[in-house]
Amino acid sequence: MDLEKLLTDRLAPAFATVAGEPVDPVVRRSQRADFQSDAALALARQVGRPPRAVATEVLRHAELADLCSVVELSGPGFLNLTVADDALAGMVSALATSARLGVPVAAAPETVVVDYSAPNVAKEMHVGHLRSTVIGDAAARLLEWLGHRVLRANHLGDWGTPFGMLIEHLVDPGEPGAAQELSMGDLDSFYKAARAKFDVDEAFRERSRRRVVALQGGDEATLRLWRLLVEQSERYFLTVYDLLDVTLTERDFHGESSYNDLLGPVVEELDRLGLLRESAGAACVFPPGFVGRDGASLPLIVRKSDGGYGYPATDLAAIRHRTGTLGATRLLYVVGLPQRQHFEMVYAAAGQAGWLGPPARAEHVGFGSILGSDGRMLRSRAGGSVKLVGLLEEAIARATALARERNPELGEVEAAEVGRAVGIGAVKYADLSSDRNRDYVLDWERMLSLDGNTAPYLQYAYSRIRSIFRRAGVAAQPDAGISLAEPAERALAFELVGFAGVVGAVAVNLEFHHLAGYLYRLAATFSTFYERCPVLRADGPVRESRLVLCDLTARVLQQGLYLLGIRTPERM
RNA sequence: GCGCCCGUAGCUCAGCGGAUAGAGCAGGGGACUUCUAAUCCCAAGGCCGCAGGUUCGAAUCCUGCCGGGCGCACCA
């Protein structure tokens, strides 16, 4: 189904015959033909013969007659391949009857843990959580669709010293409104009020400290209050996930506290393995190869000098749990780039301890920051962090207004639905459509713009196709013959056939902008096709063929956007 | 000081060993008695940060600079 792979498989034996060993034919799309193979040039040096002679001989051995209508030698030694129309049409037909659009289920399914989102209890979610949540959810959707066992891990910040003050604030008799704030989901006010008291009130500070001790000591009354905080926060987070169309559920909350019982054993085991070293009163692991500012080895502080456990301990416990108990072989950490070094150290230490080794491996799926129009980290006017919900609501409001303006035929309910799908889709697509390693500038005009590489453009292409079938009251016949006489039809067929290859690559590198770029190319190619090739006005077999192309395009767009976590409204 | 990410059209970004470096936006010109113009078509726009090196071939790989961002011991 994957044309590039098919051509590669055909050319590889021919190259192997000429070279006397396996050679990657390096097949790629070409401007001069449909595909080109570049391997003859590199091989020429290796075998000490002119590139064109090598290419000619490869050509003699290659069996391409059924796939290609033209195969020619070009330039210094390129092989230009033109795919035969009937071969391409055959592949499109195969796609049309494929429920998975040509994408195979993973040959060797794995258990994959995707660690993402991770907001803090009793704190508002802000833009800083957006990228982790959006990218992580796309990873979970994609790998799940490919047949892997995906375990979503929402590593909530639900433990630590701040909980002393938060609990004290909750029960403070002078603060009858605190519980109210909490239940209303006004976490920002709640946290800030607690913080403010902590900063100025010595008595409150002392109570908070005692409360931390009680919490860590397992005091039942304190734990009950702590659970209240956690539950209220989780309830709130779920409403945000619902708004964002994120697949995280209550089952996926695995707070830091859930590893508490494992921290002691983890440290003990590190000690037993001889990996622990005391430094300035703290118990540390020194994974090799990491040096700090002063040139000395950098420690991973597993137990602090005050006896408390540091986050490296939690991260190590989580790894041990995930590989050992859950049987995961792929651990994804969708966390910002600044934390790269921390995770590399944790992975190294886990490797030393024997908790992380082949076939299991951990990958830091890092990402850059979201910037404001001033090119600096996005901040609210007051200089604080920007509330995620506020951002999403603004996106929905803008998109809803746009939908009403562009299509007055939409009723109130439908306009609201479209506005939500488009607004949320725009935010997520802006995040997923550029290289995640880079920072990106959040620009309302651009991401809600209806032209260019944006979610609305893709959604529009989809809804336009749906409207064809709605209007005509017909369905595509998957077994209809495919004819590709027009260049625009051929171009569309090539894009459709390329879906599997892109999905397969993204499953490995988790570079979702490749999938986004592919979908954009598909939608753009479709738009050209749609402009030049009448569908419903065509007759007989041509009409049937074009209906199949339309239907396939819609299905690929829908599936592709689904994998990115973006909805596809039937009308816009 | 060490390490990581990033410098490509005016702007936002693809491309990361192959032929003439691609899109979108903005700006210019065109196409609606519409299978949804939230669209399409055409033209214009580039010392790919700089300098070396490897290679038949470098935006792409290596080295060194320059510029921007971030991280480097008890907060996660």
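Every chain is numbered from 1, with letters handed out A, B, ... down the list of sequences.
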Checklist entry - Can A:Phe78 be classed as stacking with the base of B:rA19, given a centroid separation cut-off of 5.5 Å and a plane angle cut-off of 30°? => result yes
Item to check | Matching residue for A:Tyr333 among A:Tyr347, A:Tyr116, A:Phe367 - test: ring-ring contact (aromatic ring centres under 6.0 Å, His included) | outcome: A:Tyr347
Checklist entry - What is the nucleic acid contact for A:Leu298, judged by heavy atoms within less than 4.0 Å: base, sugar-phosphate only, or nothing? => result sugar-phosphate
Checklist outcome for this item: Taken to the nearest whole Å, CZ/A:Arg293 to C1'/B:rC70 is 13 Å
Checklist entry - Base, sugar-phosphate alone, or nothing: which one does A:Val535 contact when heavy atoms must sit under 4.0 Å apart? => result base
Next on the checklist: Show every side-chain hydrogen bond (donor to acceptor under 3.5 Å, both in side chains) that has at least one partner inside residues 286-298 of chain A, sequence neighbours left out.
Outcome noted: none
Checklist entry - In whole angstroms, how far is the C1' atom of B:rC40 from the CZ atom of A:Arg532? => result 8 Å
Next on the checklist: My understanding is that only residues two or more places apart in sequence, or in another chain, count here; which of them pass ring-ring contact (aromatic ring centres under 6.0 Å, His included) with A:Phe198?
Outcome noted: none
Next on the checklist: What's A:Asp443 touching, base or sugar-phosphate or nothing? Going by heavy atoms closer than 4.0 Å.
Outcome noted: nothing
Checklist entry - In whole Å, what separates the P atom of B:rA23 from that of B:rC70? => result 35 Å
Next on the checklist: Within the 4.0 Å heavy-atom criterion, would you say A:Gly368 contacts the bases, only the backbone, or no part of the nucleic acid?
Outcome noted: nothing
Checklist entry - Within the structure shown, what part of the strands sits under 4.0 Å from A:Ala42 by heavy-atom distance: base, sugar-phosphate, or nothing? => result base
